[in-house]
There are 2 protein chains.
Amino acid sequence: MTAHGDDVRDGEAKAASTAESRSSESEGVSIPEPQDRARSIPEAAVARLAVYLRVLSGLHEREVHTVSSEELAVAAGVNSAKLRKDLSYIGSYGTRGVGYEVAVLIGQIERTLGLTQQNRVAVIGIGNLGHALANYGGFPSRGFPVAALFDLDPDLMGVPVGGIPVDHVDDIPRVCAERDVTIGAIATPAKGAQDVCDRLVKAGVRCILNFAPVVLQVPEEVEVRKVDLAVEMQILSFHVARRSQETPDSTDSEHAATGAPQSENRDVNTGISPVDGMVVRP
Amino acid sequence: MTAHGDDVRDGEAKAASTAESRSSESEGVSIPEPQDRARSIPEAAVARLAVYLRVLSGLHEREVHTVSSEELAVAAGVNSAKLRKDLSYIGSYGTRGVGYEVAVLIGQIERTLGLTQQNRVAVIGIGNLGHALANYGGFPSRGFPVAALFDLDPDLMGVPVGGIPVDHVDDIPRVCAERDVTIGAIATPAKGAQDVCDRLVKAGVRCILNFAPVVLQVPEEVEVRKVDLAVEMQILSFHVARRSQETPDSTDSEHAATGAPQSENRDVNTGISPVDGMVVRP
DNA sequence: ATATGTGAAACTGTTCACAGCC
DNA sequence: GGCTGTGAACAGTTTCACATAT
């Protein structure tokens with residue numbers, strides 16, 4: 001996430017936004033400058049919209065037609081004020097005194113997230129993770145069909161995984177162009193990641209989901225999001241360490257068993273909940 | 001990242017840290033209070049420290065003994081001011097006019113992240129993702145040995161995956177306690193995730209990495225981090241959509257081929273780079 | 001000379017609290 | 001009465017810029 005991510009935006013390469021805000025040279029208290037237009041939606045809010053969408057889909061399936069911000073917030077693991085503010089970024093689709101119509105909200109969030117048009121995905125690196133991704137049969141609740149698989153291993157060429165035959169990474173440009181791939185998921189080891197990334201970019205792919213432990217260098221028009229297992233583990237480690245030195249030791253666990261919904265789970269980018277992970281085993 | 005980064009930290013349930021900082025009741029300008037120690041470190045900075053650590057490890061292997069904040073920052077994909085501030089949270093281990101000693105920094109970051117003591121990991125849900133995790137042979141660059149595997153499937157019981165035999169989820173409390181598991185990685189489908197989570201909590205596990213698309217409800221002393229594939233995809237989708245409507249269309253891709261290191265990759269929680277993903281295929 | 005460490009400014013994101021509409 | 005939508009206060013994070021140390 002995140003140069004937009006959650007912590008979002010890096011400092012560099014953000015010439016665009018910087019430039020536009022340099023309109024008035026005046027000193028003192030600067031007036032907000034309203035010309036900022038509507039396209040803003042904070043990155044963090046975008047991530048949460050995806051979560052709300054999942055919850056709403058669940059409600060829709062259960063024939064629930066209306067929800068209040070409070071109900072939806074609890075289900076999504078955020079507080080209601082934040083949820084309302086997030087929804088306000090995409091428009092006013094609620095009814096005061098009543099709540100939101102599930103179907104309407106689903107439609108509006110899907111539209112905002114661009115889910116009305118499909119994004120074909122290419123998975124590169126057909127190992128364990130690649131398999132998991134390929135078998136995911138259209139990522140979230142459909143909308144992201146896996147259209148191409150690539151690897152280096154000669155033994156895998158042509159072998160169908162999740163119904164799609166594996167191609168050689170050398171064919172990335174051709175195959176991606178042919179199948180109109182818009183998102184590339186790099187699930188290779190660190191070593192080949194940058195090379196694969198370059199090929200994807202050359203093929204016109206402008207959105208990449210990177211699972212490899214490297215900092216990909218890409219032209220600025222390419223959006224890269226990274227999922228880093230090690231970082232997650234180390235963050236948890238930090239909390240383990242902090243906890244054990246901070247607490248004089250009052251707990252020995254055994255009191256907090258089953259249903260005690262208190263603290264929130266922090267998602268990598270939402271600070272909260274989920275939407276659709278990876279199907280692994282029924 | 002993400003958050004994650006990110007936006008990290010929720011507002012609720014943060015009583016602990018609040019309470020501890022209430023030591024001096026004095027008003028006015030509060031003196032830094034040296035006893036403030038390490039506990040402050042912004043979440044966002046913690047995530048990035050893990051990234052710096054990876055880069056530093058690489059430098060260490062290549063026999064590089066010293067780095068400037070600028071060099072390290074470029075390699076990690078952040079700007080140098082942010083990097084220096086991040087490092088300042090853990091202490092002053094640089095030399096003005098010179099830079100940082102790689103070995104020293106590695107040691108300090110490891111200490112801060114609690115990597116000096118091992119965290120044994122249990123993986124629940126031995127499907128594709130579970131396999132990937134189990135075979136990861138100690139997550140990042142070691143430090144997170146996988147000590148237990150669980151699943152529901154009778155056919156898997158006792159079968160060794162990555163050298164560790166699979167146990168039944170019913171045995172989570174016993175096995176986790178026996179093997180002193182401190183981190184649980186939930187790689188099950190959405191359905192069983194909350195149940196598995198409850199068992200882990202009952203077993204005394206207080207840190208959970210959740211790959212299942214559900215909002216886990218846990219007691220507040222339990223830390224949950226979530227990796228959500230669908231959210232990542234949908235965020236990318238949002239950017240695809242935004243891009244194509246925002247740009248009057250000046251690009252047709254073909255100009256930004258290989259080596260053009262410009263924009264940064266946003267990690268789910270660092271806003272930047274990587275540390276160690278998942279080994280998939282050599 | 002050069003590069004760190006850090007207050008202070010700027011910015012982004014979150015929460016409060018209430019006006020406005022049902 | 002209940003609930004949305006949102007300005008304003010607040011909190012967290014990033015960037016600036018420079019004093020400080022080698």
Side-chain angles (χ1 to χ4, degrees), chain A residues 2-12 14 17-18 21-22 27-30 32-34 36 40-48 66-73 78-101 104-105 264 266 269-272, chain B residues 1 3-12 14 17-18 29-32 40-48 66-73 78-101 104-105 264 266 269-272:
Chain A
T2 315
H4 324 329
D6 356 49
D7 28 40
V8 199
R9 267 287 132 214
D10 291 291
E12 20 245 330
K14 229 24 317 232
S17 62
T18 303
S21 55
R22 292 287 152 275
E27 261 268 276
V29 183
S30 60
E33 303 212 18
D36 241 355
S40 44
I41 308 185
E43 272 293 313
V46 172
R48 285 189 298 266
T66 302
V67 258
S68 66
S69 61
E70 184 59 32
E71 295 167 329
L72 191 51
V78 282
N79 79 33
S80 62
K82 191 192 287 185
L83 180 138
R84 288 199 302 278
K85 177 133 289 192
D86 287 345
L87 293 182
S88 79
Y89 293 126
I90 68 174
S92 297
Y93 303 107
T95 307
R96 294 170 195 232
V98 181
Y100 301 88
E101 250 203 75
V104 172
L105 223 41
E264 286 318 327
R266 29 217 125 303
N269 28 247
T270 56
I272 37 167
Chain B
M1 128 151 8
H4 237 281
D6 5 43
D7 23 50
V8 196
R9 270 284 134 218
D10 292 291
E12 23 244 330
K14 223 46 283 254
S17 60
T18 303
V29 183
S30 59
I31 292 108
S40 45
I41 312 185
E43 272 294 312
V46 172
R48 286 189 299 265
T66 302
V67 258
S68 66
S69 61
E70 185 58 35
E71 295 167 328
L72 190 52
V78 282
N79 80 32
S80 61
K82 191 192 288 184
L83 181 136
R84 289 199 301 278
K85 177 134 288 193
D86 286 344
L87 293 182
S88 79
Y89 293 126
I90 67 174
S92 296
Y93 302 107
T95 307
R96 294 171 195 233
V98 181
Y100 301 88
E101 250 202 76
V104 172
L105 224 41
E264 287 317 327
R266 28 220 132 304
N269 27 247
T270 55
I272 37 168

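Chain A is the first sequence line, chain B the second, and so forth, proteins listed ahead of strands; every chain is numbered from 1.
With rounding to whole Å, B/Y93 atom OH is found 14 Å from C/dG5 atom C1'. In this structure, CG of B/L83 is placed 10 Å from P of C/dG5, rounded to the nearest angstrom. Taking atom CD on B/E70 and atom C1' on C/dT4, their separation rounds to 13 Å, with Å as the unit. Rounding to whole angstrom units, CD of residue A/E43 and C1' of D/dT14 are separated by 16 Å. Rounded to whole Å, atom P of C/dG5 lies 7 Å from atom CG of B/L87. In this structure, A/N79 places its CG atom 13 Å from C1' of C/dA17, rounding to the nearest Å. Rounded to whole angstrom, the span from the CG atom of B/D86 across to the C1' atom of D/dT13 amounts to 10 Å. As a whole-Å value, the separation of B/I41 CD1 from D/dT13 P is 12 Å.
Mapped onto DNA chain C by nearest heavy atom, B/V67 and A/K85 fall at different nucleotides, with B/V67 at the one closer to the 5' end.
In terms of phosphate contacts, A/Y100 brings a side-chain nitrogen or oxygen within less than 4.0 Å of OP1 or OP2 of D/dG5. For C/dT14, the OP1/OP2 oxygens have a side-chain nitrogen or oxygen of A/R48 closer than 4.0 Å. Within the structure, a side-chain polar atom (N or O) of B/S69 is placed less than 4.0 Å from OP1 or OP2 of C/dT4. Dashed line: the shortest gap from a side-chain N or O of A/K82 to OP1 or OP2 of C/dT15 is under 4.0 Å.
The CG atom of B/N79 sits 11.5 Å away from the NZ atom of B/K85 when rounded to the nearest 0.5 Å.
The side-chain hydrogen bond (donor to acceptor under 3.5 Å, both in side chains) search around A/E101 returns none, not counting sequence neighbours. Scored by the side-chain contact (heavy atoms from CB on, under 4.5 Å) test, A/S80 finds A/S69, A/E70, A/A73, A/R84 as partners (sequence neighbours excluded).
Screening residues 87-97 of chain A for salt bridge (Lys or Arg N to Asp or Glu O under 4.0 Å) gives no qualifying pairs among residues at least two apart or on separate chains. Applying the salt bridge (Lys or Arg N to Asp or Glu O under 4.0 Å) definition to pairs two or more places apart or across chains, those involving residues 86-95 of chain A are A/R48-A/D86.
Scanning both residues, A/G94 and A/Y100, for their nearest heavy atoms gives CA-CD2, 3.4 Å.
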- Do nucleotides 17-22 of chain D as a string where each nucleotide becomes B, S or -: B if the base has a protein heavy atom under 4.0 Å, S if just the sugar-phosphate does, - if no protein is that close. B-BBBS

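By the 4.5 Å heavy-atom criterion applied to side chains, B/L105 and B/L72 are counted as neighbours.
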